Amino acid sequence: MITGKNYIGAEKSATGNKTYRTFDPKLNLETEWTFTEATSEEIDKAVSEAANAFKVYRTISDTKKAEFLRTIAKEIEILGDSLINTYMKESGLPEGRAKGERGRTIGQLNAFANLLEEGSWVDATIDTAQPSRTPIPKIDLRKMLMPIGPIVVFGSSNFPFAFSTAGGDTASALAAGCPVIVKSHPMHAATGEMVASAVLLAVEKTGMPNGVFSNINSSGIEVGQQLVMHPKVKGVGFTGSIKGGTALYRLANQRDEPIPVFAEMGSINPVVALPSALVEKGDDWAKSYASSITLGAGQFCTNPGLILGIKSTSLDSFIKTLGETIAVIDPICMLHPNIYNGFENGKKELSNQGGVDIVAEYSEDAAPNYAKQKVLTVNGTNFLKNTKLHQEVFGPFSIVVRCENAEELTEIIEKLEGQLTGTILGSNEEISTFSSVVSALQSRVGRIIFNGVPTGVEVCPSMQHGGPFPATTDSRFTSVGTAAIKRWVRPVAFQNWPQEALPLALKDDNPLGINRLVDSKFTYDKI
Ligand code: NAP
């Protein structure tokens with residue numbers, strides 16, 4: 001049942017007087033659910049309970065935490081069709097996407113449970129003592145990763161399951177041993193409340209400390225600001241706009257005790273179409289990219305918003321096929337009128353820049369909030385001198401740049417802001433013949449793709465979903481895949497510590513049976 005209340009640990013609370021509703025973008029109407037924004041007192045209570053819960057939660061074994069994560073996954077599944085229907089109503093996204101994203105969310109929770117059960121993720125590193133070393137004896141030093149404390153997670157608009165209430169940020173923080181306070185996304189607060197109720201059932205069933213998870217409602221930036229400024233909060237996970245992520249990052253750095261903000265923000269995901277790709281497979285790539293640009297109404301952080309090629313007749317023919325294919329794809333409903341309006345404004349602004357030509361635009365009537373895709377083209381000189389054209393338009397939109405030559409192509413890539421992904425379309429040989437292009441691209445991105453599309457992000461240990469600023473605030477980390485746990489921990493070294501008082505991961509007899517770096521060699525052995 002949707003109550004519209006804040007979940008402060010196990011307690012449901014709505015003491016404030018600011019309310020809001022979510023929106024059904026397909027019906028173009030508000031939903032029936034009303035939510036009450038959290039008050040300052042409720043926010044303080046949620047954070048204080050998280051800080052108290054941390055004292056216990058940080059000592060709970062990885063096996064118990066794994067059971068907690070698996071129970072969350074089961075409880076989400078048990079919510080069945082009513083959760084799927086609520087998701088669809090609040091996002092306008094179709095059933096297949098809802099079910100797929102729920103599967104991904106459950107998969108993420110279980111992947112972190114597997115990681116905890118295996119146990120080696122703590123990077124246990126041991127240098128045993130050498131009392132007879134000269135001239136100075138070597139002391140016993142043992143280091144491992146430990147949780148940093150309560151984390152605030154900002155639910156994203158475009159992934160109501162996988163990057164929201166019990167999504168990747170929450171799953172990774174809970175796996176690390178950190179309590180989580182979710183700042184529910186106002187566009188899908190009912191979906192968020194249902195998932196929160198599943199998490200809280202799992203808290204109860206697995207005996208986790210009260211306060212390890214809270215879900216806070218808000219429809220304005222003040223609640224998020226207060227959460228980030230709260231002295232007991234020790235880290236932040238965010239997915240959304242560059243404006244929002246940067247504002248929160250700056251805020252966190254103004255605190256008396258600055259804290260890390262892992263924000264995943266905008267990206268135009270440049271694609272470089274090298275000559276052989278255009279000559280040999282130009283039509284095929286044009287069709288693949290028409291699908292990739294319009295997938296999910298373009299509401300993906302990996303949407304290909306920029307395609308770069310060297311001017312030629314094969315580039316012209318690629319552009320023609322891309323335009324013809326994309327112009328007739330049926331528009332898809334966007335998440336919310338705010339996202340739709342942002343898309344319309346962004347399209348208009350970039351279309352009005354000097355030297356820009358329209359390749360294709362969906363020209364039939366469409367229902368309210370349905371995104372009419374658009375592709376523009378511009379030459380390299382105009383693109384280089386106008387950084388407005390380098391900005392993300394969130395939706396089914398892309399610009400194809402006709403570069404003069406490989407030098408101009410390289411210069412353009414070097415001048416782009418940091419990106420989540422970059423793609424090379426071409427032959428194996430061209431990786432060498434265009435090495436300066438490839439090397440420039442690699443230095444701007446977190447994931448470099450060869451002969452593929454950037455949309456579709458595999459959840460696995462080797463995934464890197466994070467790139468140089470402003471794609472993310474810290475390109476050393478990923479927000480997708482099990483390595484995301486590293487955002488919520490810090491190394492602690494134990495010097496000359498007695499065996500009985502050491503954490504299990506660092507004891508001589510290796511009771512957890514994990515892989516450790518002992519005297520510079522990886523081993524599962526006891527010492
Ligand atoms: P957003 O504006 O960045 O908001 C995301 C969350 O951050 C919301 O919960 C919002 O709170 C909060 N927030 C934003 N600015 C804040 C600030 N200055 N201080 C405190 N909290 C703040 O993103 P959105 O509403 O989800 O979508 C808007 C636009 O973001 C899209 O049109 C798109 O351009 C971009 N976006 C990009 C990606 C991507 O992956 N690249 C994903 C999603 C969205 P309130 O809503 O309560 O104000």
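Model, not experiment: these values are computed from the prediction. One is the number of the first residue; the rest follow in order along the sequence. Both counts, for ligands and for their atoms, begin at 1 and track the order of listing.
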Measure and list all N/O to N/O distances between ligand 1 and the protein that fall under 3.5 angstrom.
{"from": "ligand 1", "atom 1": "3 (O)", "to": "S241", "atom 2": "N", "distance (Å)": "2.8"}
{"from": "ligand 1", "atom 1": "3 (O)", "to": "S241", "atom 2": "OG", "distance (Å)": "2.5"}
{"from": "ligand 1", "atom 1": "9 (O)", "to": "K183", "atom 2": "NZ", "distance (Å)": "2.8"}
{"from": "ligand 1", "atom 1": "11 (O)", "to": "K183", "atom 2": "NZ", "distance (Å)": "3.2"}
{"from": "ligand 1", "atom 1": "26 (O)", "to": "S157", "atom 2": "OG", "distance (Å)": "2.6"}
{"from": "ligand 1", "atom 1": "26 (O)", "to": "H185", "atom 2": "NE2", "distance (Å)": "3.0"}
{"from": "ligand 1", "atom 1": "41 (N)", "to": "M265", "atom 2": "O", "distance (Å)": "2.7"}
{"from": "ligand 1", "atom 1": "47 (O)", "to": "K183", "atom 2": "NZ", "distance (Å)": "2.9"}
{"from": "ligand 1", "atom 1": "47 (O)", "to": "S218", "atom 2": "OG", "distance (Å)": "3.3"}
{"from": "ligand 1", "atom 1": "47 (O)", "to": "G220", "atom 2": "N", "distance (Å)": "3.2"}
{"from": "ligand 1", "atom 1": "47 (O)", "to": "G220", "atom 2": "O", "distance (Å)": "3.2"}

ask   = Going through the distances and angles, do R487 and D474 end up as a salt bridge (Lys or Arg N to Asp or Glu O under 4.0 Å)?
value = CA-CA 10 Å; R487 296 173 298 167; D474 195 334; over 6 Å; no

ask   = Nearest 0.5 Å, what's the CD-NE2 distance between E193 and H188?
value = 14.0 Å

key: All side chain to side chain contact (heavy atoms under 4.5 Å, CB included) counterparts of A171, not counting sequence neighbours   = L109, F112

Pi-cation contact, W121 with K486 (under 6.0 Å, within 45°) = no

message = Can you tell me how the ring of F159 sits relative to the ring of F300, calling it parallel under 30°, perpendicular over 60° and tilted otherwise?
response = tilted

ask   = Is it true that the NZ or CZ of K12 lies under 6.0 Å from the centre of Y7's six-membered ring and within 45 degrees of the ring axis?
value = yes

